Amino acid sequence: MRDVAVVSFAQSATRRDQTRNEVEILLPVLREAMAPTGLTTHDIGFTCSGSSDYLAGQAFAFVSALDAVGPWPPIQESHVEMDGAWALYEAWVRLQHGDIDTALVYAFGKSSPGDVARVLSLQLDPYVTGPLWPDAISLAALQARAFLEAGHDEKDLARVVARSRRNAVGNPHAQLSGDIDEATLLDEPLYADPLRMHDCPPISDGAAVVVLAAGDKARELCERPAWIRGIDHRIDVQALGSRDLSQSASTRLAGEKAGVGGRADLAELHAPFSHQELIVAEALGLDETATSINPSGGALASNPVMVAGLVRIGEAARRLSAGEGERAVAHATSGPALQQNLVCVLEATS
Amino acid sequence: MSGQLAAVLGTGQTKHVAKRDDVSIAGLVREAADRALEDAGLTYADIDAVVIGKAPDMFEGVMMPELYLAEALGAIGKPLIRVHTAGSVGGSTAIVATHLVQAGVHERVLTVAFEKQSESNAMWALSIKIPFSQPLVAGAGGYFAPIIRGYIRKADAPLDTGFQVVLKDRLNALKNPYAHLHQPDISMEQIIESPLLWDPIRYAETCPSSDGAAAMVIGSERAADASSRPVAWIHGTAVRSEPTMGAGRDRVNPHAGRDCAKAVYAEAGITDPFREIDCAEIYVPFSWFEPMWLENLGFAEEGTGWKMVHDGTTALDGDLPINMSGGVLSSNPIGASGMIRFLEVANQVRGTAGEHQVDGARKALGHAYGGGSQFFAMWVVGKDKPK
Amino acid sequence: MTAEPITGIVTPIRLDYTYTPGTSPSQFLRGMKEGRILGRRCPSCAKVYVPPRGGCPMCGVEFAEEVRVADTGTLVTFAVVNVNFANRVIDLPYVSGEVRFDGSDTTSMVLVQGIPVDQVRMGMRVKAHWLPRDEWDFTFANIDYVEPLDEPDADYESYKEFV
Amino acid sequence: MTEVLSAPHSMEFPYTRSTGPMVGAFLTGLRDRRVLGVRDSAGRVVVPPPEYDAGTAAVLPADELIEVASEGVVTSWSWNPKPRLGQPFEQPFAWVLVQLDGADTGLLHALDAPRDAIRTGMRVRIRWAEEPVGFIKDIACFEPAP
């Protein structure tokens, strides 16, 4: 495989944004990501984006978002109706051909215009599950119970949340941050029993942009590129009652294929709910004592749907490029209760 | 040239109809996928990854339906990617699948595209009223009819050009068992007398609304060499996009379409497309887009595409047969329509197109477009392995 | 009596959102509320967009100055519509036109009235017919339709690039 | 002029879905107050019956469905503090995964029981809708089994 690296990353502040549309959120982030590379749209070999029409309730949302790129003269471009992490995967595949050296990946999404937990129930089979409208929080809570009853304690969840809030203090893009101890968190009432409010993600609008480059081009554009050493994604059956919810088989498989090997200085795991971080870390064989998990605060600190997975890869890469480690694992998820998962192994050396 | 060689190992599609009320969404998609695997002599166990495409999720009212479709697609434990690039999606989905093979990531990829329009109503889904905005004044035809008027003015084309296209395509459709519209009595008179919906577009000059799915298995050189079935070698693929709202953008002869054609010919080593391409399936939802795309694709000089319609060049027995299957004018399961174009030309060079086979077709072009004529996806396939 | 097996179901889907058009479109809509067509100019290519969205799609940059555009313009192309779609009910046939308002570099889709349908021409000069002032809202639909101006048709070359 | 506009935006459509044989047979069963499952390649009885096998992708036989009990055991549950439009109850309620007797997988639905009484492992039974029509809501909810 050709060596491909993340050479630049930018993201918007994530919050409910009631003034700007998607294009207006995306444009400054695009500019910020492109600036350090010195590239313009015309220098980019391939562009790929991720988004979902249902978030804001408009068909073809990606069509107007493309305008932000300024695709003129016409560009090579594609779009996945998925989290931007899968757009990055498509771009990585495209770079393997060898005829182009750079790719631009972006994702955008506004979760605040609708009731996103209810909107997401449209992902369920439309015959025997969807008509009951089970919302994403309720389904995650069913999974959390299965996880807890498989031999875990709610203190584990509180520990994840406390670390997320603490780590997010250093992340200017995060929505939720602070120094809260686990005991205080456990004093809070149950919300979607067994989950407390803080075990669930905030409602976030946002955009993220990654620039990829191959081989010498990456070394030219970035002092310390974050090289993609492995990337893979897998999917499980959807029906919640047909899988072991306390584990993630597809994450485990994707991790094996991507070559995680249980080793990483840091990991950015796309876990919108606290228990999901523990399920994913376990599936990837990552140990908190050896690996810094979600140094950004992760999706518990900010969760722009369709963007948060790409942010994990961007955050992991950014930290490696800044010298915070030499090897990182990034993970993205999609579908109800961790149905589909992508794992990316990144490395950077001086 | 990009990456390793890839080929179409098998194709499958459903009989396109207004309403497939005997199957679920999964059943529809699966029917095409099963046929593609059977055609390739393979099973789901032989497939490394699945790439699926469709137009807006609101058509079926399922958000990212590939999640629910994972087991129907045999994708459990495998990579599954969902593409959405508006009307061109069927083409760009096939291209993503091709890239996975050309990049050396996978040996055999199943690619599927579908639309089950009868679950809702495309007219509703495409005209959801957004606050503060004007309602789209007159549907999709209302958007494209002024562009067609622009073409007629620019090319000074005879007004019956569109009728000739419809007559040809609907007669071709009679030779295609999968086509939605089978109108054995179709005549010029019938077309001319059909209601004038959006002048200059008559009812007979518009595509139907269909339920349908299409699928292909794309394999590596090794997989293709090992196949006992005829394969279609992929000589070139290209995608191009431009903005919808760009000031001064030429919507009659879009820049992105011209660039995309140039790129796909270059990759396929084609210097004279009219001579070197034996036949093409191009995305023609309204009759007049045939002459427009003939020019955009470099088959005809600007302003002269309509002449090829009138002199029989694009007929099934002409020098450059276009839409041998009956085209989008005869079947339009929106998200699948682009893939059907790609699949039909693969069948042509494999020699498996059946009654609408073009004798001796060795090299063919598949074309899809979408949005406001701004997204383009194309491929060139050939009977012979690329050199 | 044996009931027929189930072969179909109806699943009603209703989703409620709060729609925000965004900063640039909001300014445009506020202009409409006051009876003014406000475009914005791209600082790079100098083209004026009506309505403006996030930025210039040809250049990928944010818009600069606001530009008031005239409510007169040229009908660059059109369709004669003989069927009513969705929730729009107008006397048939009617003309759906694309008008380049003077001072703008984009076209807007708008109804053409005040002239027999068979006399509508490309290049025709037109003027906006606004709804009564007390009906103005934050929408482009304040322009009910355009009607012919008593002016010679524009020369084809002058509007060809917008067709 | 920094103030921006916003307005309610609703999308509403009654989707007409053809079920195909497998989903149709399951829903027909519900109308007759019977719950049907199918045996997959791993030997599990799966309820509701999927059309295709998760392990082998094989078509599962819609004409060989297996009736399971209308009573079973809760395998997981969660409390829904904020019921939403379309859900089975308007007041806070529990979602449950229930493994019906004779089945090897869980069926997702609502449980009508006081929050304090709900436990994983508790026995529950189906409360049928008064007039079943062949829809998942023919199961009105689960209730504690006596």
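Chain letters run A, B, ... following the sequence lines, proteins first and then strands; every chain starts at 1. Computed from a predicted model, the values in this text were never measured in an experiment.
Taken to the nearest 0.5 Å, the CD1 atom of I130(B) stands 8.0 Å off from the CE atom of M11(D). One finds the OH atom of Y52(D) at 9.5 Å from the CG atom of L69(B) (value rounded to the nearest 0.5 Å). In this structure, OG on S18(D) lies 8.0 Å from CD1 on I25(B), to the nearest 0.5 angstrom. One finds the CZ atom of F132(B) at 4.5 Å from the CG atom of L5(D) (value rounded to the nearest 0.5 Å). One distance of note links OG of S24(B) with CD of E51(D); it measures 3.0 Å at 0.5 Å rounding.
Annotation: salt bridge (Lys or Arg N to Asp or Glu O under 4.0 Å) contacts of K116(B) (sequence neighbours excluded): E119(B).
Proximity to chain D is limited to the backbone of S118(B), based on heavy atoms less than 4.5 angstrom apart. Interface residue D22(B): only backbone heavy atoms are found under 4.5 Å from chain D. Contact of T19(D) with chain B is made through the backbone alone, with heavy-atom distances under 4.5 Å.
Crowding of R115(D) atom CZ: a count of heavy atoms from other residues, nucleotides or ligands under 6.0 Å exceeding 12. Residue-environment remark: CD (E38(B)) stays at or below the threshold of 12 foreign heavy atoms within 6.0 Å. Environment of CZ in F135(D): crowded, with over 12 heavy atoms of neighbouring residues, nucleotides or ligands closer than 6.0 Å.
Chosen from A72(B), A70(B), A45(B), G74(B), the residue pairing most often with chain D at heavy-atom distances under 4.5 Å is A72(B).
Under the 4.5 Å side-chain criterion, counting only non-hydrogen atoms from C-beta, R17(D) is not in contact with D21(B). Using a 4.5 Å cut-off on side-chain heavy atoms (C-beta onward), E60(B) and Y15(D) make no contact.
At a heavy-atom separation below 4.5 angstrom, chain B is approached by A58(D), V59(D) within residues 58-88 of chain D.
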